[in-house]
Amino acid sequence: MELNEWGAELLEENNVSLVRTSNDFVFWVSQGCMFCFFKLDEGEDPAVYFYSEGKKKDGFYKITDTFTNFYSVGILKISIFFKKEIKRLF
C-alpha cells in the first residue's frame, strides 16, 4: 500500500474530521498510527505537517516550516512530543 493511502486510511479508521487532499503528499508513516506530509503547492521546500492517532484536533500539527528542517529537527520534535504524552499517561 502506498503511503498516501495509509494516511487516508488512518484518518478514516480513527473517524476524525481531518481530510487530506490530492495536494498532500505523505512521505513518512510510523507504526501505522502516525504520519507526516507536505503540500505539493507550497514550493520547493514546503512545511511539514503531522498526524497521530488519538490526537483529536481541528487541523494537522505543523511541525517544521520546511521539509529540509524536518530531517534536522522535525524527527526530534516528534520524539519529544511522544515522550511528553507517554509521561502524561503514566
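Numbers here are sequence positions counted from 1.
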Original post:
How far apart are the closest heavy atoms of Gly7 and Val26, and which atoms are they?
Top reply: CA-CG2, 4.5 Å

Subject >> Any donor-acceptor pair under 3.5 Å from Asp41 side chain to Asn23 backbone >> reply: no

Original post:
By ring pair (Phe, Tyr, Trp, His ring centres under 6.0 Å), which residues pair with Phe67, not counting sequence neighbours?
Top reply: Phe27, Phe38, Tyr71

Original post:
Asp65 side chain to Ala47 main-chain N or O, any donor-acceptor pair under 3.5 Å?
Top reply: no

**OP:** Describe, in one word, how the ring planes of Phe60 and Tyr51 are oriented to each other, choosing from parallel (under 30°), tilted (30 to 60°) and perpendicular (over 60°).
**Re:** perpendicular

Subject >> Distance in Å, Glu44 CD paired with Thr66 OG1, rounded so as to fall on 0.5 Å steps >> reply: 12.5 Å

Subject >> Non-hydrogen atoms of Leu40 and Ser22 that approach each other most closely >> reply: CD1-O, 4.0 Å

Subject >> Stepwise ring-ring contact (aromatic ring centres under 6.0 Å, His included) check, Phe37 with Tyr49 >> reply: CA-CA 5 Å; Phe37 69 95; Tyr49 302 88; 5.4 Å; yes

Original post:
Hey, mind stepping through Phe25 and Lys39 against side chain to side chain contact (heavy atoms under 4.5 Å, CB included) and telling me if it holds?
Top reply: CA-CA 6 Å; Phe25 182 79; Lys39 297 181 179 296; over 6 Å; no

Subject >> CD-CZ distance between Glu5 and Arg20, expressed to the nearest 0.5 angstrom >> reply: 9.5 Å

Subject >> Val29 to Leu3 - nearest heavy-atom pair and separation >> reply: CG2-CD2, 3.6 Å

**OP:** Kindly compute the distance separating OG1 (Thr64) from CG (Asn69), expressed to the nearest 0.5 Å.
**Re:** 5.5 Å

Original post:
Any side-chain heavy-atom pair from Phe70 and Asp45 closer than 4.5 angstrom?
Top reply: no

